[in-house]
Amino acid sequence: MIPLHILRENPESVVSGLAIKNFDAKDLIARIILLDDKRKSTQNQMDDGLAEANRLAKEIGHLFKNGETELANQKKERTATLKEETNQLSVSLQQIENELNEAIVILPNLPHSSVPPGRLPTDNEIIYSEGELPALPENSIPHWELATKYNIISFELGSKVTGAGFPFYIGKGAKLQRALINFFLEEAISAGYTEYQPPLMVNEASGFGTGQLPDKEGQMYHATADNLYLIPTAEVPITNLYRNTIQKHTDLPIKNVAYSSCFRREAGSYGKDVRGLNRLHQFDKVEIVQVQPPQDSYTALEEMKNHVAGILRKLNLPFRILRLCGGDMSFASALTYDFEVYSAAQDKWLEVSSVSNFESFQANRMKLRYKDENGKTSLAHTLNGSALALPRIVAALLENNQSPEGIHIPAALSAFTGFDIIS
RNA sequence: GGAGAGAUGGCAGAGUGGUCGAUUGCGGCGGUCUUGAAAACCGUUGACCUUCACGGGUCCGGGGGUUCGAAUCCCUCUCUCUCCGCCA
């Protein structure tokens, strides 16, 4: 949610900012300002009425106490009409506020000044790349075939028991999952993050707080009997920990890490993008989340970017970092870096991490504030990033490290798996 | 799932229809005293909307109702605790 005062003070720059995200905000902002004017004048009227009613109620109390019943009853008549008026005003105020809120909530976040314009993934800016693209042996195969060959992942059994996109991991495949989770968690913990193990379901208010609702309603699994949503990422519970709070400046920065399963309906996905581990309905991810005072949030974003790069380096995976263009960024983000690793057998780059600064967008939705050194209360900034999502890392590890003897496990991981080859 | 009790400011905890946004204690902040600190004493200390300001309004778990007037009475939802049942 973009703070209202920004829309009021500088509507033109909001319009041009959102144009970078290919969002035409002109009419909507005009409407929001109009509604806000209406809100103010209605509230002023109502407040005047309430002020008079409060005064009268006190007077009536005194009159009754002094036995001046007749005069008191006279005054009561006035309160009746006042009540009628203020009730009506409060109903229309409620309506106006709802309309205003519905309008303001559909505005995406403003992009950072460094965000390039564009609509397509090809408009993203490659800002860094590292590592040699592996030269694979002649008869190398994609990960979904390796999975069957070594019996470490079964997509068929997953389809049978649940449905497409819910694989089983078996034997060394399962252990590889556990090892990656532990490796990622330990990396984050030694970088100063506190580990949380979150609930896998959240309520509606939490879905709204991080921006999944109402924007991505159809992308989450919804347990309707209890009105709970399966989390699409640990970002949702971990950021909502701070919904409706005022942090002391001495409590910032907050740096949390959480492992969780993630659930995504992925409605509308199809074709070879969903082959094997490329796109799943349930997958595992280690997520890092930070809450920062505004002046430090971009330094924190760089730090998170370096953290993710460090992990990929230890896994020996060739990767590149993209600065997402306006059209490819998420609704809530101000600046997003995507990490892609090279999958040799598929000959393509796979997105394995997305690191974003949301500035005050999520904080404003969930009323996450902090008190600075001078006691002034203002919105904090929130950030998060995957560090990392497992499936495509597994895909790249399997494909890039295949050999006639089997699949070699990078040294940094074999400490966690207890084996260094899958054969 | 059944029965009962409860939810008040950062925390603890008063307040059961009328100057209550709320007594008090702790904590926080500022000051006096001190070389400094502690103690003691004095002062100060919630959020939100609105206003240039003075001021006005809203908030005692959420929502609704009764009343001229609600933290206080009624309904409802959520959550917490105790007991019973079931259970990893």
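Order of the sequence lines fixes the chain letters, A, B, ..., with proteins taken first and strands second; residue numbering starts at 1 for each chain. Computed over heavy atoms, backbone and side chain alike; hydrogens, waters and symmetry mates excluded.
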Under a 4.0 Å heavy-atom cutoff, the residues of residues 366-373 of chain A touching RNA chain B are A:Arg369, A:Lys371
* Asked: Using the P atom in both, what is the distance from B:rG31 to B:rA38, to the nearest Å?
  -> 12 Å
Contacts of A:Lys367 meeting side-chain contact (heavy atoms from CB on, under 4.5 Å) (sequence neighbours excluded), chain-then-number -> A:Asn244, A:Asn364, A:Arg369
Taken in chain and number order and not counting sequence neighbours, the residues that satisfy ring pair (Phe, Tyr, Trp, His ring centres under 6.0 Å) with A:Phe283 are none
Quiz item: For the rings on A:Phe361 and A:His381, is their centre-to-centre separation under 6.0 Å?
Solution: no
Here the side chain to side chain donor-acceptor pair (under 3.5 Å) pairs for residues 391-401 of chain A, sequence neighbours left out, are A:His143-A:Glu399, A:Ser343-A:Glu399, A:Gln346-A:Glu399
In whole Å, what separates the P atom of B:rA47 from that of B:rC84? 44 Å
Worksheet item: Taking atom C1' in both B:rA53 and B:rG63, what distance in whole Å separates the two?
Response: 36 Å
Mate of B:rU24 across any strand shown (Watson-Crick or G-U wobble, both atom pairs under 3.5 Å) is B:rA12
- Query: If the C1' atom of B:rU8 is compared with that of B:rU16, how far apart are they to the nearest Å?
  - Reply: 13 Å
So the contacted stretch of RNA chain B, first to last nucleotide with an atom under 4.0 Å from a non-hydrogen atom of chain A, runs from B:rG18 to B:rG69
A:Gln292 meets the side-chain contact (heavy atoms from CB on, under 4.5 Å) criterion, sequence neighbours left out, with A:Pro253, A:Gln290, A:Asp296, A:Ser297, A:Ala300, A:Leu383
Ring pair (Phe, Tyr, Trp, His ring centres under 6.0 Å) filter on A:Phe166, not counting sequence neighbours, yields A:His281
Could you walk me through whether A:Arg31 and A:Asp36 satisfy the salt bridge (charged side-chain N to carboxylate O under 4.0 Å, His left out) test, starting with their C-alpha distance in whole Å, then the side-chain angles of each, then the deciding distance to 0.1 Å, before giving a yes or no?
CA-CA 9 Å; A:Arg31 195 171 116 76; A:Asp36 191 45; over 6 Å; no
d(A:Ile96 CD1, A:Asp37 CG) to nearest 0.5 Å is 10.5 Å
Query raised in the report: Is there side-chain contact between A:Lys371 and A:His249, with heavy atoms separated by less than 4.5 Å?
Result: no
For B:rU35, the nucleotide meeting Watson-Crick or G-U wobble distances (both under 3.5 Å) is none
Legend entry - Modelled atom types, side-chain donor and acceptor of A:Ser16 and A:Ser13, under 3.5 Å: no
P-based separation of B:rU76 from B:rG56 [nearest Å]
38 Å
Residues of residues 36-58 of chain A with a heavy atom under 4.0 Å from any atom of RNA chain B, listed by number, are A:Arg39, A:Lys40, A:Gln43, A:Asn44, A:Asp47, A:Leu50, A:Ala51, A:Asn54, A:Ala57
For B:rU80, the nucleotide meeting Watson-Crick or G-U wobble distances (both under 3.5 Å) is B:rA5
C1' atom, B:rU82 versus B:rA70: distance in rounded Å? 30 Å
| said: In whole Å, measure the gap between the P atoms of B:rA7 and B:rG55 for me. | reply: 35 Å
Applying the 3.5 Å cut-off to both distances, the Watson-Crick or G-U partner of B:rG17 turns out to be none
Within residues 74-102 of chain A, the residues having a heavy atom closer than 4.0 Å to RNA chain B are A:Lys76, A:Thr79, A:Lys83
By ring pair (Phe, Tyr, Trp, His ring centres under 6.0 Å), A:Phe263 pairs with (sequence neighbours left out) none
* Asked: Below 4.5 Å, heavy atoms only, C-beta onward: do A:Leu301 and A:Lys305 meet side chain to side chain?
  -> no
Residues at least two apart in sequence or cross-chain that pass side-chain contact (heavy atoms from CB on, under 4.5 Å) with A:His222, listed by chain then number, are A:Glu217, A:Thr224, A:Asn227, A:Tyr229
Salt bridge (charged side-chain N to carboxylate O under 4.0 Å, His left out) pairs touching residues 350-366 of chain A, sequence neighbours excluded, are none
